[in-house]
Amino acid sequence: MTKQYWKPGNMLYPVPAVMVTCQRKGEKPNIITIAWTGTVCSDPPMVSVSIQKKRYSYAIIQETGEFVINLTTKKLAKAADYCGVRSGRDVDKFVQAGLTPCRSQSVSCPGIAESPVNIECRVTEIKHLGSHDLFLARVENVGVDESLLDDTGRLRLSRSGLVVYSHGSYFELGGKLGSFGYSVRKKQTGGKKRKNMRSMSV
């Protein structure tokens, strides 16, 4: 396999395309679409978002110390794109994008009702990096659309039609390839499988 070597750049794709909500007290809530986001710790649960200082939401999150990450689906892709190319200084993005604010449980800014998952976050640290500043935040609460829960109460997020962002385009996630650990999981032989089925029927 022959490869070309390019200058350093952000080539870690695809990435989540999420809508982050924030709000100053007494002002309208705002939405910023962010691709530079991710999980940084599981215990305590922590995430990060990277935002340019010139963005309208930067100062809001810096001052309030909180935000909500709202996952984006195929149905929300157009709204997510709109919220990424229009500024909250000029428009009310909830109104223009046809989205509904929903009350959060642990932070004062709202989430997006149409989003399947709302991750309520409180900023713990801001790292000044260069073109973007990194907001590290602790997850305070998670709101989940009940329609995505199966009969056992397990979350089936794949049913929501999540989208990702890659090189300037949005993509819907494809089919499942495997589950965690499937590469080393022992396959059950036909004989053992039949034996297990007989024992279950006894």
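All residue numbers in this chain count up from 1 along the given sequence.
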State, yes or no, whether a side-chain contact exists between [X] and [Y] at a heavy-atom distance under 4.5 Å.
| X | Y | answer |
| --- | --- | --- |
| L134 | L136 | yes |
| L149 | R154 | no |
| L157 | L148 | yes |
| V139 | E120 | no |
| L99 | M19 | yes |
| P110 | V68 | no |
| I69 | V47 | yes |
| W36 | N10 | yes |

Check the angle between the aromatic planes of Y165 and Y13 and answer parallel, tilted or perpendicular using the 30° and 60° thresholds.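 The arrangement is tilted - the two ring planes meet at 30° to 60°.
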
Does [X] share a hydrophobic cluster with [Y], counting links as ILVMFWY side-chain heavy atoms below 4.5 Å and allowing steps through other members?
| X | Y | answer |
| --- | --- | --- |
| L155 | V18 | yes |
| F171 | V163 | no |
| L162 | Y170 | no |
| I34 | I60 | no |

Nearest 0.5 Å, what's the [atom1]-[atom2] distance between [X] and [Y]?
| X | Y | atom1 | atom2 | value |
| --- | --- | --- | --- | --- |
| S57 | I51 | OG | CD1 | 6.5 Å |
| L76 | I112 | CG | CD1 | 7.5 Å |
| C22 | F135 | SG | CZ | 9.5 Å |
| N30 | F94 | CG | CZ | 8.5 Å |
| M46 | R122 | CE | CZ | 12.5 Å |
| M11 | W6 | CE | CH2 | 5.0 Å |

Ionic contact status for [Y] with [X], cut-off 4.0 Å:
| X | Y | value |
| --- | --- | --- |
| K28 | D92 | no |
| E125 | K127 | yes |
| K75 | E114 | no |

Please list, chain by chain and in numerical order, all residues satisfying salt bridge (Lys or Arg N to Asp or Glu O under 4.0 Å) with R159, sequence neighbours excluded.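 Once residues adjacent in sequence are excluded, R159 has no partner under the salt bridge (Lys or Arg N to Asp or Glu O under 4.0 Å) criterion.
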
Test item: [X] side-chain N/O and [Y] main-chain N/O as donor-acceptor pair under 3.5 Å:
| X | Y | result |
| --- | --- | --- |
| S115 | L71 | yes |
| R156 | S147 | no |
| K74 | G161 | no |
| S50 | H132 | no |

Provide the closest heavy-atom pair for [X] versus [Y] in the form atom of the first, atom of the second, distance.
| X | Y | answer |
| --- | --- | --- |
| S104 | C109 | OG-O, 2.7 Å |
| Q23 | S108 | OE1-O, 4.1 Å |
| I32 | R55 | CG1-NH2, 3.5 Å |
| V40 | S48 | CG1-OG, 3.8 Å |

Option from V20, V49, I119, V15 for which side-chain contact (heavy atoms from CB on, under 4.5 Å) with T37 holds: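 Considering V20, V49, I119, V15, a side-chain contact (heavy atoms from CB on, under 4.5 Å) with T37 is found only for V49.
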
May I ask you to check whether over 12 heavy atoms, not counting those of [X], lie within 6.0 Å of atom [atom1]?
| X | atom1 | value |
| --- | --- | --- |
| R103 | CZ | no |
| R24 | CZ | yes |
| L129 | CG | yes |
| E146 | CD | no |

So, T21 and N70: side-chain donor and acceptor under 3.5 Å apart, yes or no?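 Looking only at side-chain atoms, N70 and T21 do form a donor-acceptor pair, the distance falling under 3.5 Å.
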
Pair D133-Y58, side-chain donor/acceptor within less than 3.5 Å: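 Yes, a side-chain donor-acceptor pair sits under 3.5 Å.
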
Begin with the C-alpha distance, continue with both residues' side-chain angles, and end with the deciding distance and a verdict on side chain to side chain contact (heavy atoms under 4.5 Å, CB included) for N118 and C102. CA-CA 9 Å; N118 315 107; C102 62; 4.2 Å; yes

